[in-house]
Amino acid sequence: MESPFHLILSIFPPEGARETERSPSAGSRFLPLTYPFLVLCSPYRMMQTLIHLLKCNIGTGLLGLPLAMKNAGLLVGPVSLLAIGILTVHCMVILLNCAHHLSQRLQKTFVNYGEAMMYSLQTCPNAWLRTHSVWGRYTVSFLLIITQLGFCSVYFMFMADSLQQMVEEAHVTSKTCEPRKILVLTPNVDIRFYMLTILPFLILLVFIQNLRVLSIFSTLANITTLGSMALIFQYIMQIPDPRNLPLMASWKTFLLFFGTAIFTFEGVGMVLPLKNQMKHPQQFSFVLYLGMSLVIVLYICLGTLGYMKFGSNTQASITLNLPNCWLYQSVKLMYSIGIFFTYALQFHVPAEIIIPIIISQVSESWALFADLSVRTALVCLTCVSAILIPRLDLVISLVGSVSSSALALIIPPFLELITFYPEDMNCITIVKDIMISILGLLGCVFGTYQALYELTQPINHSVANSTGVYA
């Protein structure tokens, strides 16, 4: 989820972009994005694709998985996360198969997620759906915008949480890394102040429109994230006796688990452009299964070990549970730096969809002003949403339930039904697709309801689910 360059092209690929992706000699501004992949040998290209697949599935949602396990239970959590992971990978395969079938039927080189939805609706038996097929593309693009801006809002909260804890605990930070004691402190400065402090720096960051420059930031984000994850795993491997932890939690908190789990599996929008990059696209299935297997194992290990380590004191982000020493304060700093640079990458996706529409409505002399104004407004929008809802765990669950579940679980089975139904689908496949879509829809409705209900409740600073807690 952390490298959306090719997702940008997958949403509204500009004129000639598809041919450019296939031809290293084509003179186009899109060549630098794909040229490194085109000149590499096949094994190395597969490794690059695998790395991109891992990057787009590992983000801030990963750090919230220990709390998700707490919301589900020590037994139910890992089993449910494994089941959701398998379903998500299956839906990715469905999306790949539908796009491949439609590209062959329409004799197109590449069909992205939104186009696949539109083209399948154009050939479905229902006349109303055929007439309004373009809304399929609009719906997918809208959900992608909501998801990406939701990520950016979560990034605001995560950076503010980490910055607040580092600043206000600096005077008691020690050289020895001892576990945090159970002591609730009242923050000296409201977390919203830290959000407003970060705001101008993010506005300046998103003014950078050169993707080559952003790719440098992506590399920095990867390095800091990798170092942070290594230190986090080194600490949580030392687990206490977990026998007092519940194997199953309340069904109400399980709904929050569902939203968080779906939030973390955000590679569904990347699978089509990643496959299109490969010289031998038929090899992508192996890359997909290998990459997502590693992701699922990482998710289960971090979530389970983190919950076993911190138990009932598990907070919205595992970094907030780390010891108050300089080593683990550096983990928060490194991960926050990585998230700061990743903000620009995630922001680039909705910006590339919305800004051209706005610019087309103004004269050329006002184009630059309109561009920068929209970028500023979108960053402020993510900041305002973070200020209004400063609950990291609940926002992750809400974004996951509302838009992520639709993109990952609801739309792909529906897409398979309308794509292959005219070609005599077997009953088992039809029932399977209907059940997955219903499951995704139920998770979307009830997960959204529970997240909104929790948001309406007064914030209790003595509970770990509130990001304002310091222990």
Check your understanding: How about Phe446 and Tyr449: are their ring centroids closer than 6.0 Å?
Key -> no
Review point. Between the main-chain N or O of Gly64 and the side-chain N or O of Ser317, is there a donor-acceptor pair closer than 3.5 Å?
Key: no
Exercise for review: Starting from the C-alpha separation in whole Å, work towards a yes-or-no answer on side-chain contact (heavy atoms from CB on, under 4.5 Å) for Cys383 and Leu196.
Suggested key: CA-CA 8 Å; Cys383 181; Leu196 293 175; 4.3 Å; yes
Check your understanding: Around Leu247, counting heavy atoms of other residues, nucleotides and ligands shown, do more than 12 lie under 6.0 Å from its CG?
Key -> yes
**Study point:** Validation row: Phe151, Thr147 side chains within 4.5 angstrom (heavy atoms)
**Key:** yes
Review point. Quick one: does Arg192's side chain have a donor or acceptor within less than 3.5 Å of a partner on Ile387's backbone?
Key: yes
Check your understanding: Any side-chain heavy-atom pair from Leu199 and Phe156 closer than 4.5 angstrom?
Key -> yes
Practice item. Decide yes or no for Leu288 and Val271: does some side-chain heavy atom of the first lie under 4.5 Å from some side-chain heavy atom of the second? Key: yes
Exercise for review: Using atom types as modelled and distance alone, determine if a side-chain donor or acceptor of Tyr113 lies under 3.5 Å from a backbone N or O of Leu407.
Suggested key: yes
Check your understanding: Are any of the side-chain heavy atoms of Met292 and Phe265 separated by less than 4.5 Å?
Key -> yes
**Study point:** Short side-chain to backbone donor-acceptor contact, Thr314 and Gly311, under 3.5 Å
**Key:** yes
Practice item. Before giving the answer on side-chain contact (heavy atoms from CB on, under 4.5 Å), spell out for Met157 and Ile396 the whole-Å C-alpha distance, their side-chain angles and the decisive distance to 0.1 Å. Key: CA-CA 10 Å; Met157 282 177 278; Ile396 287 177; over 6 Å; no
Point to revise | With sequence neighbours excluded, residues passing side chain to side chain donor-acceptor pair (under 3.5 Å) with Ser228 | key: none
Check your understanding: So do the side chains of Ile436 and His90 get within less than 4.5 Å of each other, counting heavy atoms only?
Key -> yes
Review point. Do Tyr235 and Pro323 touch side chain to side chain, with heavy atoms closer than 4.5 Å?
Key: yes
Review point. Taking Thr253 for the side chain and Asn71 for the main chain, is one N or O donor matched with an acceptor at less than 3.5 Å?
Key: yes
**Study point:** 4.5 Å side-chain heavy-atom contact, Leu205 and Phe201
**Key:** no
Check your understanding: Distance only, no hydrogens: is a donor on one side chain within 3.5 Å (strictly under) of an acceptor on the other, for Tyr343 and Thr382?
Key -> yes
Check your understanding: Is there a side-chain contact between Tyr335 and Ile339, using heavy atoms and a 4.5 Å cut-off?
Key -> yes
**Study point:** Criterion side-chain contact (heavy atoms from CB on, under 4.5 Å) on Ile236 and Leu302, from CA distance to verdict
**Key:** CA-CA 8 Å; Ile236 64 176; Leu302 182 67; 3.6 Å; yes
Check your understanding: Which is it for Asp433 and Phe414 under the side-chain contact (heavy atoms from CB on, under 4.5 Å) test, yes or no, and what are the steps along the way?
Key -> CA-CA 7 Å; Asp433 287 342; Phe414 176 72; over 6 Å; no
Practice item. Give a yes or no on whether Tyr453 atom OH has more than 12 heavy-atom contacts from other residues, nucleotides or ligands under 6.0 Å away. Key: no
